[in-house]
Amino acid sequence: MEKLVVKGGKRLVGTVKTSGAKNAVLPIIAASIMGVTPSHFDEVPMLEDVRTISEILKGLGIKVKTSQNNILDIDSTVVDSYEPPCELMRNMRASFFIMGPLLARMGKARIYMPGGCAIGARPIDIHLKGFEALGVEIDQSEGLIEVSAPHGLKGTTIYFDFPSVGATENIMMAAALAEGVTILENAAEEPEIVALANYLNKMGAKIRGAGTDVIRIEGVKELHGADYTIIPDRIEAGTYMIAAAMTGGDVVVENVLPEHQKPLIAKLREAGATVIEDIDNVRVIGNCPLKAVSVKTLPYPGFPTDMQAQIMAMMVVAEGTSRVTETIFENRFMHVEELNRMGAKITTADRSATIEGPSKLVGCDVRATDLRAGAAMILAGLVAEGETRIGDLHHIDRGYEDIVEKLRNLGADIERVDV
Ligand code: UD1
């Protein structure tokens with residue numbers, strides 16, 4: 001078993017480059033299923049989730065080739081299955097993204113219920129309701145969903161009860177090859193949706209309005225492959241920005257689109273850190289002690305739920321009482337117990353956590369209970385006294401490329417050890 005061992009107390013200084021966005025590349029790889037010619041991708045983060053979805057595509061008969069320098073080539077000229085390998089599907093919730101593309105390309109799909117981080121019930125009703133509206137017939141039995149579009153996919157207007165990121169992406173992909181026009185109302189507005197729409201449009205799709213709450217998709221008959229560069233990962237970048245602030249450091253995070261970081265930048269400034277924005281990088285100077293700030297997670301452009309655990313770790317060492325409210329997922333406070341184990345004073349009630357700071361953290365054995373909770377443990381370890389040993393690293397590996405090397409380059413004392 002491997003663990004990350006972090007020895008706290010180092011001030012992070014230097015430059016770190018953000019990798020391509022996990023949440024952009026996964027639906028984009030799924031979308032490549034619809035291209036009748038090959039696609040080429042740059043700035044692909046080499047993460048466990050990317051390997052999983054690549055294996056899923058291979059299981060459909062698609063050729064996937066990973067090269068040095070974060071390059072991925074996908075040749076989906078031939079797709080010979082509509083039934084992805086069960087075990088891989090169960091590994092990762094994002095695997096469900098292939099339902100839309102398979103329906104569009106093959107007219108049917110047979111899919112096992114997806115897994116992913118256990119941060120809530122994570123139903124898929126919004127996806128299925130959207131597919132039904134496009135004319136899809138759904139047959140659900142224990143853990144297995146069979147979908148087919150015997151009369152083809154038909155464009156229509158769909159109002160999402162909640163702006164689900166995954167449902168917006170899945171339905172947008174299917175609608176790209178549907179007959180007629182599809183309008184998505186109350187759609188999610190995340191930058192990763194804009195990235196997916198841009199790739200689909202390069203493939204020949206006709207999508208307008210991505211990044212707003214109304215997306216218009218005019219169906220086309222065929223999509224071809226395309227070259228695409230994956231956008232920077234705003235969550236990974238945000239994690240390094242918080243690391244800089246918490247350690248009283250001075251870090252330039254490169255390959256960042258500052259307009260994607262507005263809520264975090266606002267909170268860092270409110271907490272007393274200095275944030276200097278440039279065209280494609282952000283410099284964060286931590287002016288410790290930081291002040292307590294309260295945060296409520298919301299769909300984009302609100303504060304991202306994927307940064308909630310990390311900002312909570314920062315609040316533990318900030319002066320004053322802060323409150324973190326989670327409105328997107330119902331079970332996303334698993335890091336609270338782990339942070340308290342290190343000496344934090346956090347109480348939870350319903351969907352809010354109250355943090356009494358500052359606490360002096362002391363390193364101990366903790367778990368990465370989910371992907372972003374794992375990032376929060378690393379952040380806490382960076383400022384804790386002594387040694388923090390983090391287990392269950394597979395969660396962290398799903399979403400952070402080269403995190404140990406990147407933090408070491410900034411001066412952190414962190415290593416991955418076999419125990
Ligand atoms: C995506 C991101 C994830 C992020 C989340 C919210 C990817 C690969 N993952 O996940 O990192 O935390 O957006 O920003 O992009 N819901 C339903 N029914 C559905 C779909 C969703 O009730 O059919 C609920 C979910 O349980 C959750 C909320 O809606 O409570 C938000 O989920 P959604 O926006 O769909 O998140 P994901 O696409 O799963």
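Counting starts at 1 for both ligands and their atoms, following the listed order. All figures in this text were calculated on a predicted structure; none of them were measured in a lab.
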salt_bridge(E236, K22) N-O dist < 4.0 Å: no
Heavy-atom proximity to atom 35 (O) of ligand 1, best of S164, A167, G399, A188: S164
Any side-chain donor near an acceptor of the partner, H40 and D73, under 3.5 Å: yes
Reported NZ-to-OG1 distance for the pair K406 and T239, which is rounded to 0.5 angstrom: 10.5 Å
Contact check: I126 vs ligand 1, nitrogen or oxygen atoms, below 3.5 angstrom: yes
N or O pair under 3.5 Å between D125 and ligand 1: yes
Polar contact flag for E330 and ligand 1 (N/O pairs, less than 3.5 Å): no
Nitrogen or oxygen of D306 less than 3.5 angstrom from that of ligand 1: yes
Structural part of I235 in contact with ligand 1, heavy atom criterion under 4.0 angstrom: neither
Side-chain ion pair, R367 and E337, N-O less than 4.0 Å: no
Derivation of the salt bridge (charged side-chain N to carboxylate O under 4.0 Å, His left out) call for D75 and K65: CA-CA 9 Å; D75 183 352; K65 184 168 165 274; over 6 Å; no
Ligand-residue contact atoms, ligand 1 with T305, heavy atoms, under 4.0 Å: 6 (C), 12 (O), 14 (O)
Step-by-step side chain to side chain contact (heavy atoms under 4.5 Å, CB included) determination, M34 to M173: CA-CA 9 Å; M34 297 190 290; M173 291 190 276; 3.8 Å; yes
V165 N/O under 3.5 Å from ligand 1 N/O: yes
Salt bridge (charged side-chain N to carboxylate O under 4.0 Å, His left out) between K345 and E356, intermediate numbers included: CA-CA 5 Å; K345 292 184 209 74; E356 301 288 348; over 6 Å; no
Derivation of the side chain to side chain contact (heavy atoms under 4.5 Å, CB included) call for T321 and I355: CA-CA 6 Å; T321 303; I355 304 114; over 6 Å; no
Under 3.5 Å: N/O of F329 near N/O of ligand 1: no
I390 side chain reached by E338 side chain, heavy atoms, under 4.5 Å: no
Non-hydrogen atom of H127 closer than 4.0 Å to ligand 1: yes
Ligand-side contact atoms (ligand 1) for residue partner F162, heavy atom cut-off under 4.0 Å: 28 (C), 29 (O), 31 (C)
G166 neighbourhood, listing ligand 1 atoms whose heavy-atom distance to it stays under 4.0 Å: 35 (O), 38 (O)
Close approach, R332 and ligand 1, non-hydrogen under 4.0 angstrom: yes
Whether P123 lies under 4.0 Å from ligand 1, heavy atom: yes
